[in-house]
Amino acid sequence: QVQLTESGGGLVQAGESLRLSCAASGRTASIYRGGWFRQAPGKERELVAAISWRSTFTLYDDSVKGRFTVSRDSARNTMYLQLNSMKPDDTAVYYCAAATRVLRASKRSDYDYWGQGTQVTVSS
């Protein structure tokens with residue numbers, strides 16, 4: 001079992017920044033990849049960014065490339081999502097997730113464990 005605890009959401013204005021954190025505990029050695037998802041009202045949960053737990057590999061959705069950065073602190077088993085130049089369209093509940101079965105996890109069903117979600121709201 002892996003437990004994920006998120007923090008860092010809030011209300012910001014367009015153009016501002018936030019940093020989300022996701023602390024993993026439990027069987028963290030079983031994690032292949034960590035992901036950040038978001039879900040806006042009435043929309044599907046979508047993958048925003050992901051990072052390998054065992055290498056430097058990262059991936060981003062086109063909508064956030066150049067604005068968001070995913071990183072990981074191995075010593076703390078913590079994953080981060082830095083959100084810069086934020087837009088109202090970034091408003092959503094953000095979830096972190098961990099994949100322990102699929103090496104190259106790229107979609108929602110590949111991820112096994114989820115954080116509780118944190119609200120991010122960007123005002124125009």
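A salt bridge does not link K87 with D90: none of the charged nitrogens is closer than 4.0 Å to a carboxylate oxygen. Between D110 and R101 there is no salt bridge, since no side-chain nitrogen of the basic residue lies less than 4.0 Å from a carboxylate oxygen of the acidic one.
Not a single side chain to side chain donor-acceptor pair (under 3.5 Å) links R104 to another residue, sequence neighbours left out. By the ring-ring contact (aromatic ring centres under 6.0 Å, His included) test, W114 pairs with F37, sequence neighbours left out. Under the rule for a side chain to side chain donor-acceptor pair (under 3.5 Å), the partners of Y94 that lie at least two apart in sequence or sit in another chain are R38.
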For this session: Begin with the C-alpha distance, continue with both residues' side-chain angles, and end with the deciding distance and a verdict on side chain to side chain contact (heavy atoms under 4.5 Å, CB included) for Y95 and T118.
Result: CA-CA 7 Å; Y95 298 90; T118 186; over 6 Å; no
Problem set entry | Stepwise side chain to side chain contact (heavy atoms under 4.5 Å, CB included) test for Q82 and S17 | CA-CA 7 Å; Q82 178 69 39; S17 299; 3.8 Å; yes
For this session: Kindly determine whether E6 and Q116 satisfy side chain to side chain contact (heavy atoms under 4.5 Å, CB included), including the steps that lead there.
Result: CA-CA 7 Å; E6 299 179 42; Q116 77 278 13; 3.8 Å; yes
Exercise. Is there a side chain to side chain contact (heavy atoms under 4.5 Å, CB included) between V120 and L18 once you walk through the steps?
Worked result: CA-CA 9 Å; V120 172; L18 274 178; 3.9 Å; yes
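Linking ILVMFWY side-chain heavy atoms closer than 4.5 Å, directly or via other members, places Y80 and V70 in two distinct hydrophobic clusters. Linking ILVMFWY residues whenever their side-chain heavy atoms come closer than 4.5 Å, directly or via other members, leaves Y111 and W53 in distinct clusters. Both M86 and V48 belong to a single network of hydrophobic side chains, linked directly or stepwise wherever heavy atoms of I, L, V, M, F, W or Y lie under 4.5 Å apart. A continuous path of Ile, Leu, Val, Met, Phe, Trp and Tyr side chains, each step under 4.5 Å between heavy atoms, connects V122 with Y60, placing both in one hydrophobic cluster. Put simply, I51 and L47 are part of two different groups of oily side chains (I, L, V, M, F, W, Y) that touch within less than 4.5 Å, one to the next.
You'll find the side chain of T100 reaches within 4.5 Å of the side chain of Y113, heavy atoms only. By the 4.5 Å heavy-atom criterion applied to side chains, L83 and L81 are counted as neighbours.
Counted by atom type alone, T121 and Q119 present one or more donor-acceptor pairs between their side chains at under 3.5 Å.
Here salt bridge (Lys or Arg N to Asp or Glu O under 4.0 Å) pairs that include residues 72-84, with residues two or more places apart or in two chains, are D73-R76. Within the structure, the salt bridge (Lys or Arg N to Asp or Glu O under 4.0 Å) test picks out no pair touching residues 10-22 (sequence neighbours left out).
Between the CG atom in L20 and the CE atom in M79 there is a gap of 9.5 Å [rounded to 0.5 Å].
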Return a table of donor-acceptor pairs under 3.5 angstrom between the side chains of residues 21-32 and protein atoms on other chains or two or more places apart.
unit_1 : atom_1 : unit_2 : atom_2 : d
S25    : OG     : Q3     : OE1    : 3.4
T28    : OG1    : N77    : ND2    : 3.4
S30    : OG     : R27    : O      : 2.6

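A donor-acceptor distance shorter than 3.5 angstrom exists from the side chain of T91 to the backbone of P88, with no hydrogens or angles considered.
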